[in-house]
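Heads up: the structure comes next, in structure tokens.
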Amino acid sequence: EALLSIKDLVKVYGRDTRALNGISLDFYPGEFIVVIGPSGAGKSTLIRCINRLVDPTEGAVVFDGQHMENIKGRGLREKRSKIGMIFQHYNLVSRTNVIKNVLHGQLSNTPLYKSLFGLYSQQDKQEAVELLKKVGLEDQIYKRADALSGGQMQRVGICRALLQRPKILLADEPIASLDPVSANIVMQQLHNISMEKQLTCVVNLHQVDYAKKYATRIVGIKKGQVVFDGPPANLTEPI
Ligand code: ADP
Ligand code: ADP
């Protein structure tokens, strides 16, 4: 059964920018999906419609058995807490240390007064340390986020997303600001985590070579429509 089911999704910005023009996709547990396509194809909009950062104009997004387009308020917050997000520009709190940045992802699940005083649960702290070790950041735990390299910052972003124990991970251009060495490390780690935890990952990229190297499934999008969907080996034409 699909973990995430997208049906006939349409997003029109303003009067006539059809960013998504009828997209239907089913994503299954453990898939490492890379969405590729030229700039402006609709990749970001697709991810934003999944976690409802934007409201779709038409169509359905069913995540974990629930229609995302109808829920709001607390129900939406709860569903969103099961969707891990990774961003191009990392979105870390720059003057805060690494472990606190990882714990920040749990804010929605921590009572406000506790998070204000930094009273995170021991279990969360331990798990944050474990995750940081796993991505090779054991020596950076108490460094300020802005003292890290871009690749290290993105690995903090991965840990922050994972600490939420998400059912799905969405990454919007996670390597677009990184050099090739760092980009490969980040993609390899995302791939490994996906395989190890059977965690569904949807990663937006504009570079086909990284998609071919790491994806279990590639979705090609152009002008808001799916133009390719299959294993990397089947992708022989440029998108
Ligand atoms: P991609 O991520 O593939 O580059 P986007 O989803 O960012 O594509 O953009 C798809 C189209 O929608 C583009 O034409 C873009 O200019 C337009 N667009 C994206 N976000 C907005 C917005 N907030 N308001 C208006 N148009 C937007
Ligand atoms: P991306 O790298 O995701 O394609 P862009 O650099 O195209 O993002 O856009 C940055 C921001 O501007 C995003 O929040 C996007 O939604 C918004 N945006 C993109 N295109 C337009 C547009 N034509 N009109 C208004 N906002 C836009």
Side-chain angles (χ1 to χ4, degrees), residues 4-27 31-63 68-69 72 76 79-80 83-92 150-151 153-154 157-158 161 166 168-180 182-183 186-187 190-191 194 200-232 234-239:
L4 176 70
S5 195
I6 296 164
K7 239 182 123 35
D8 303 322
L9 203 63
V10 172
K11 175 63 191 179
V12 183
Y13 291 109
R15 270 174 185 276
D16 55 5
T17 305
R18 283 183 92 81
L20 301 179
N21 196 6
I23 289 206
S24 297
L25 290 163
D26 285 324
F27 294 149
E31 285 191 301
F32 192 80
I33 301 129
V34 174
V35 179
I36 57 171
S39 180
K43 305 183 293 298
S44 293
T45 301
L46 179 62
I47 276 191
R48 287 173 196 176
C49 284
I50 294 171
N51 67 8
R52 278 274 300 285
L53 284 172
V54 309
D55 287 320
T57 309
E58 286 171 39
V61 176
V62 181
F63 169 59
M68 290 293 284
E69 62 273 18
K72 34 177 134 23
L76 180 59
K79 273 294 175 213
R80 270 194 187 136
I83 302 177
M85 284 294 298
I86 293 173
F87 307 92
Q88 176 177 352
H89 299 292
Y90 327 120
N91 292 18
L92 302 183
M153 287 189 199
Q154 194 56 292
I158 292 171
I168 193 167
L169 206 55
L170 308 179
D172 197 359
E173 299 279 1
I175 59 171
S177 307
L178 300 180
D179 63 87
S182 306
V186 164
M187 287 302 292
L190 284 173
H191 175 94
S194 174
T200 308
C201 292
V202 183
V203 181
N204 281 355
L205 297 181
H206 56 266
Q207 311 97 318
V208 182
D209 45 344
Y210 287 100
K212 286 201 159 193
K213 199 162 162 190
Y214 295 104
T216 61
R217 172 178 170 192
I218 294 177
V219 171
I221 293 190
K222 215 170 167 179
K223 295 184 179 163
Q225 294 188 313
V226 175
V227 296
F228 177 87
D229 186 1
N234 291 5
L235 183 67
T236 50
E237 309 257 305
I239 285 169

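Only heavy atoms go into these numbers, but all of them, side chains included; no hydrogens, no water, no symmetry mates. Order of appearance sets the numbers: ligands from 1, and atoms from 1 within every ligand.
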### Query
Heavy-atom contact under 4.0 Å between Gly42 and ligand 1?
yes

#### Entry: Thr45 N/O to ligand 1 N/O under 3.5 Å
yes

### Exam field: side chain Lys43 to backbone Gly37, donor-acceptor pair closer than 3.5 Å
yes

### Task
Flag Gly40 as yes when one of its N or O atoms lies below 3.5 Å from any N or O atom of ligand 1, and as no otherwise.
yes

### Ligand-side contact atoms (ligand 1) for residue partner Ala19, heavy atom cut-off under 4.0 Å
10 (C), 11 (C), 12 (O)

### Query
Taking the side chain from Glu173 and the backbone from Val203, do they hold a donor-acceptor pair closer than 3.5 Å?
no

### Query
Is there a heavy atom in Pro38 that sits closer than 4.0 Å to ligand 1?
yes

#### Entry: Backbone of Gly22 reached by a side-chain donor or acceptor of Gln225 within 3.5 Å
no

### Query
Counting N and O atoms only, with roles assigned by atom type, does the side chain of Ser24 sit under 3.5 Å from a partner on the main chain of Asp8, one being a donor and the other an acceptor?
yes

### Message
Under a 4.0 angstrom heavy-atom cut-off, which atoms of ligand 1 come close to Lys43?
### Response
1 (P), 2 (O), 3 (O), 4 (O), 6 (O), 8 (O)

## Note on the structure
Here the atoms of ligand 1 under 4.0 Å from any heavy atom belonging to Ala41 are 1 (P), 3 (O), 8 (O)

### Query
Does Thr17 reach ligand 1 with a nitrogen or oxygen that is under 3.5 Å from one of the ligand's nitrogen or oxygen atoms?
no

### Task
Give a yes or no on whether the backbone of Val12 and the side-chain of Thr57 come within a donor-acceptor separation of less than 3.5 Å.
yes

### Query
Got a sec: does the NZ of Lys222 have more than 12 other heavy atoms crowding it under 6.0 Å?
no

